[in-house]
Amino acid sequence: METNRQKKVAGVLQRDLVDVIQKALRQAGVKDLIVSVSKVNVTTDLSIAKVYVSVFPHGKAPELLKEINTVKPFIKHDIAQRTRNQLRRMPDLSFFIDDSLEYIDGIDRSLKGEENPIENRDLLPKRKKS
């Protein structure tokens, strides 16, 4: 269970990370991507923050994650400057792709009958023979 302190730190980081990442994308000239920080989880000792990034279109997510990880020191420095009055120590940032929207969309398509695994067997994962 998250403590109030963890929730506050996560909220501060999430708000500032959205600004920093979107500013970095604008400076890089990327216009065809929508990026948002969907969730931030902070460890109990406040040393590590797991940042979940949602990207649209989803196909460009791995490429964006690689780019974010190359500029992670700059992002961390920028966030540390913004939060220096709120945080004593800047947590280490770990970035992950949040694919929950893609997962929900897949369930929605299945419920609507667009992807019927009975008619199209390729939609089902292959069973492993033991």
Side-chain angles (χ1 to χ4, degrees):
M1 190 171 132
E2 276 189 322
T3 63
N4 281 339
R5 180 76 179 140
Q6 283 174 283
K7 290 175 187 174
K8 285 179 184 176
V9 169
V12 167
L13 289 175
Q14 184 174 3
R15 187 183 64 241
D16 288 336
L17 277 165
V18 168
D19 292 343
V20 170
I21 290 173
Q22 288 179 347
K23 184 179 90 177
L25 286 174
R26 276 195 307 275
Q27 288 176 344
V30 178
K31 294 183 184 347
D32 59 340
L33 279 181
I34 298 171
V35 179
S36 68
V37 177
S38 55
K39 186 168 175 111
V40 177
N41 286 337
V42 182
T43 56
T44 51
D45 62 353
L46 306 177
S47 64
I48 299 171
K50 290 183 179 181
V51 181
Y52 294 92
V53 180
S54 186
V55 181
F56 183 80
H58 190 71
K60 299 195 178 198
E63 178 185 323
L64 180 77
L65 185 65
K66 185 178 173 188
E67 186 66 32
I68 286 175
N69 281 320
T70 53
V71 296
K72 184 163 59 170
F74 300 109
I75 293 173
K76 185 176 176 180
H77 176 73
D78 204 358
I79 296 294
Q81 292 299 313
R82 289 171 176 240
T83 60
R84 68 178 175 264
N85 295 329
Q86 297 157 312
L87 298 179
R88 191 174 301 146
R89 201 170 141 248
M90 179 65 196
D92 190 39
L93 302 173
S94 299
F95 291 94
F96 301 94
I97 294 298
D98 180 15
D99 58 355
S100 59
L101 292 176
E102 191 75 16
Y103 182 72
I104 291 168
D105 190 45
I107 292 173
D108 198 37
R109 281 196 308 268
S110 295
L111 290 173
K112 288 179 181 173
E114 295 172 16
E115 294 179 356
N116 189 345
I118 294 171
E119 293 172 4
N120 185 358
R121 293 280 183 195
D122 295 333
L123 293 173
L124 295 172
K126 301 292 183 215
R127 286 178 47 189
K128 293 181 180 142
K129 295 176 183 168
S130 50

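In this structure, K72 contributes its side chain and L93 its backbone to a donor-acceptor pair below 3.5 Å. Between the side chain of R84 and the main chain of Q81, a donor-acceptor pair closer than 3.5 Å is present.
In the model, Q86 has no side-chain atom that pairs as donor or acceptor with a side-chain atom of T83 under 3.5 Å.
D19 is linked by a salt bridge (Lys or Arg N to Asp or Glu O under 4.0 Å) to R82, counting only residues two or more places apart in sequence or in another chain. For R26, the side chain to side chain contact (heavy atoms under 4.5 Å, CB included) criterion is met by Q22, K23, not counting sequence neighbours. In this structure, K39 has no salt bridge (Lys or Arg N to Asp or Glu O under 4.0 Å) partners at least two apart in sequence or on a different chain.
In terms of hydrophobic clustering, with Ile, Leu, Val, Met, Phe, Trp and Tyr side chains grouped at heavy-atom distances under 4.5 Å, V12 and V42 are assigned to different clusters. Under the 4.5 Å side-chain heavy-atom criterion for Ile, Leu, Val, Met, Phe, Trp and Tyr, V20 and I48 are members of distinct hydrophobic clusters.
Residue pairs meeting the side chain to side chain donor-acceptor pair (under 3.5 Å) criterion with at least one member in residues 40-57, sequence neighbours excluded: T43-D45, D45-S47. For the salt bridge (Lys or Arg N to Asp or Glu O under 4.0 Å) condition, the pairs that include at least one residue of residues 89-98, sequence neighbours left out, are K76-D92.
Counting heavy atoms from C-beta outward, L46 and L87 have side chains that stay 4.5 Å or more apart. L13 places none of its side-chain heavy atoms less than 4.5 Å from the side chain of V51.
Closest of all the heavy-atom pairs between V37 and Q14 is O-NE2, 2.8 Å. Across every non-hydrogen atom of V40 and A49, the tightest pair is CG1-CB, 4.2 Å.
By the neighbour-count criterion of 12 heavy atoms within 6.0 Å, atom CZ of F96 is densely surrounded, having more than that number from other residues, nucleotides or ligands.
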For residues 61-70, please give each side-chain donor-acceptor pair under 3.5 Å, one per line with the distance, not counting sequence neighbours.
unit_1, atom_1, unit_2, atom_2, d
N69, ND2, L65, O, 3.2
T70, OG1, E67, O, 2.6

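The distance from the CD1 atom of I79 to the CD1 atom of I21 is 7.5 Å, given to the nearest 0.5 Å.
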